[in-house]
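Some notes on the structure that comes next.
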Amino acid sequence: MRLSVLFVRLIVFVVAGLLSYSGARMTVAVIEDRSAIGVREALIDQGDEWASVVTDGLQVILEGQAPSEAVRFRAISAAGSVVDASRVIDSMSVIDSTNIAAPEFQIEILRNDSGVSLIGLIPDEMDRTALAERIASIADDQAVTDLLETARYPMPDSWPNAITYALRALDQLPRSKISVSAQSVSVDAISDSETQKRRLEASLGRNTPEDITVRLNISAPRPVISPFTTRFTLDQTGARFDACAVNSREAEQRILEAAAKAGYQGRGDCTQALGVPSRTWGEAVALAIDAVTDLEGGTVTVSNTDIALVAVEGTPQESFDRVVGELENSLPDVFALTAELPKAPDASDEGPPTFTATLSPEGTVQLRGRVPDDLTNRTAENFAFAKFGRQNITMGTRVVDGLPVGWPVRVLAGIEALSNLSNGSVLVSPDEVSVRGNTGNTMARAEISRLLIDKLGETANFTIDVEYVKKLDPVAGLPTAEECLSQITELTGARKITFDPGSASIAADAQGLLDDIADILKLCANLRIQIAGYTDSQGREEMNQKLSQDRAQAVLDALRVRRIPVGSFEAIGFGEANPIADNDSEEGREANRRIEFTLIMPETSEEAPTALEQAEQDAENTQTEEASE
């Protein structure tokens with residue numbers, strides 16, 4: 001009896017144990033499944049599908065090959081957010097970083113009145129201290145915000161050239177955004193005027209690195225024109241604009257369409273400007289040009305809200321009255337019309353009086369013709385002195401009676417118009433002022449037109465035949481860096497920079513040559529020039545090297561005294577190296593004692609090596625290797 005009870009109890013105990021074990025196994029399985037599912041979903045949500053999840057009891061094992069150490073750590077953190085971090089076992093590996101492509105190095109530089117800010121990624125090997133010093137120098141005591149990050153990857157070969165060019169642009173553009181990469185430099189900037197815009201484009205267009213794509217987008221604010229003027233003429237020579245100011249592209253298109261009906265074939269070169277007196281400017285100008293077309297000739301001048309229409313001599317009175325009436329009734333309310341039908345002038349025995357002013361390409365001016373009195377003659381002479389210089393004026397005028405009213409004003413206006421030309425002539429007659437010549441100013445025609453309208457009135461009859469010549473343009477006609485160096489080489493080939501014997505003092509007879517070199521450099525902005533000094537082989541090598549260095553530095557200092565910006569120049573003494581003649585003769589030694597000017601190119605510069613100018617580092621490394629061999 002007792003054995004049966006004991007046996008029953010044993011069976012119950014065994015069954016209970018089996019049930020407990022089964023329940024525990026089921027519980028562990030459920031935990032494993034839920035842990036694996038939860039961790040796997042967390043990894044998928046953050047884009048880490050590469051990782052696999054394996055469970056072993058309460059342990060969660062992560063396996064797979066992570067793209068980087070940071071991604072591996074991110075996967076571990078994701079698993080730890082689902083289950084207890086102590087349960088996560090890391091069995092992952094990381095892909096060999098040497099096979100990962102380097103990131104694209106880029107810098108965004110923003111400069112304005114508040115300072116300079118930089119953001120982007122740069123190579124770790126780049127000399128960040130040198131970059132910071134250069135930016136601080138450009139900022140000129142303004143705030144510099146440096147948000148650059150570094151990456152330990154090889155520096156692209158073209159990166160130093162891109163940075164050097166970008167910093168040169170940043171130095172010239174106080175309001176700019178510059179994007180730099182190893183392949184390109186993109187510059188967006190605002191200039192103060194159209195002239196400054198052209199000068200900046202010309203400067204930055206020189207010496208661009210060959211391995212870098214440069215994009216320049218420099219904008220200029222619209223000029224303020226007063227009076228706001230458009231002048232259109234249709235005569236036997238054809239249709240033309242002497243001045244064309246518009247306030248919008250739409251107004252320009254409307255005006256040019258009206259001009260095309262009159263036979264105008266020029267391109268759309270109207271100046272978009274501020275100062276328009278009315279939003280209906282384009283409509284009013286187009287209507288006035290249509291009137292000239294209907295009259296089959298004439299000149300219309302729109303100055304602010306005043307419109308002056310002058311018909312061609314001989315136009316039928318009936319046609320003139322009809323066209324003027326239609327125009328007067330169709331113009332917007334704010335515009336006032338004055339119309340004139342010229343009459344044939346009375347002929348005199350001496351012919352019509354004239355006054356002529358001519359300007360030669362060399363700058364000499366001759367004034368000839370008739371003036372009404374001595375006061376007008378002296379005024380014209382003094383005015384010409386002020387415009388062209390006393391030494392350049394030749395007077396050939398004659399005082400006569402009976403000249404038209406307003407003749408002195410016409411004479412002075414003609415002289416002032418001539419001052420807008422590089423060379424040319426002005427002819428003043430009773431019924432017309434004619435201006436002809438060449439100029440390096442693209443806006444000269446419009447400026448002369450506004451001048452004559454201001455001085456002589458809207459109904460004044462004048463013709464302007466002015467040609468723009470690029471080589472006369474003080475900006476577009478500037479020589480290239482190679483042309484500048486060629487001119488300097490030509491000077492120093494014919495004359496020599498000499499020094500007092502055994503010293504670095506420039507000889508007195510060489511001062512004129514330095515003046516001529518400075519005159520060339522004043523036209524060649526932003527050059528990088530190496531001034532190299534050489535000696536003959538007499539004396540100790542160390543002394544010769546020091547003497548050549550001092551002489552090169554003396555030339556650089558002499559150019560600085562002549563107000564040449566030499567910040568991008570370098571003076572280097574090479575001593576008795578690189579002789580160009582035999583040191584055994586006096587003539588050869590004299591030839592070897594010389595100063596040479598060469599352009600510093602980014603890929604061949606010999607400046608002290610920095611990561612900002614990696615090309616210089618490469619050149620010096622090559623020289624060191626050759627010396628060791």
>> So, using ring pair (Phe, Tyr, Trp, His ring centres under 6.0 Å) as the criterion, who are the partners of F232 when residues are at least two apart?
In response: F241

> With sequence neighbours excluded, what pairs up with S434 under the side chain to side chain donor-acceptor pair (under 3.5 Å) test?
Replying inline: R436, T463

>> Does anything in residues 225-265 form a disulfide (SG to SG under 2.5 Å)? List the pairs, not counting sequence neighbours.
In response: C244-C270

> Among all residues two or more places apart in sequence or in another chain, which pass the side chain to side chain contact (heavy atoms under 4.5 Å, CB included) test with L110?
Replying inline: N112, S117, K177

> If you measure from the Lys or Arg side-chain nitrogens to the Asp or Glu carboxylate oxygens, is any gap between R240 and D235 under 4.0 Å?
Replying inline: yes

> Which residues pass the side chain to side chain donor-acceptor pair (under 3.5 Å) test with S181, sequence neighbours left out?
Replying inline: S184

>> Quick test of your reading: applying disulfide (SG to SG under 2.5 Å), list the pairs with at least one residue in residues 358-411, sequence neighbours left out, ordered by first then second residue.
In response: none

>> Closer than 4.0 angstrom, basic N to acidic O: yes or no for R562 and D519?
In response: no

>> For K197, give me all partners under side chain to side chain contact (heavy atoms under 4.5 Å, CB included), at least two apart in sequence or on another chain.
In response: S191, E194, E201, I218, A220

>> Checking S114 now: which residues fulfil side chain to side chain donor-acceptor pair (under 3.5 Å) with it, not counting sequence neighbours?
In response: none

> Which residues pass the side chain to side chain contact (heavy atoms under 4.5 Å, CB included) test with S330, sequence neighbours left out?
Replying inline: L287, L327

Let me have the donor-acceptor pairs involving side chains of residues 301-310, under 3.5 Å, with sequence neighbours excluded, atom names and distances please.
| residue | atom | partner | partner atom | Å |
| --- | --- | --- | --- | --- |
| T301 | OG1 | R231 | NH1 | 2.8 |
| T301 | OG1 | E458 | O | 3.4 |
| N304 | OD1 | F228 | N | 3.0 |

> By side chain to side chain donor-acceptor pair (under 3.5 Å), which residues pair with Q142, not counting sequence neighbours?
Replying inline: none

> Will you find, in the side chains of N247 and Q272, an N or O donor that is under 3.5 Å from an N or O acceptor?
Replying inline: no

>> With a sphere of 6.0 Å drawn around CD of E296, does it hold more than 12 non-hydrogen atoms of other residues, nucleotides or ligands?
In response: no

>> Taking atom CD as the centre, does Q317 end up with more than 12 heavy-atom neighbours from other residues, nucleotides or ligands that are less than 6.0 angstrom away?
In response: yes

>> Whether R254 and E257 form a salt bridge (side-chain N of Lys/Arg under 4.0 Å from carboxylate O of Asp/Glu) is what I want to check.
In response: no

> Got a sec, which residues hit side chain to side chain contact (heavy atoms under 4.5 Å, CB included) with R368, two or more places apart in sequence or on another chain?
Replying inline: T356, T358, Q366

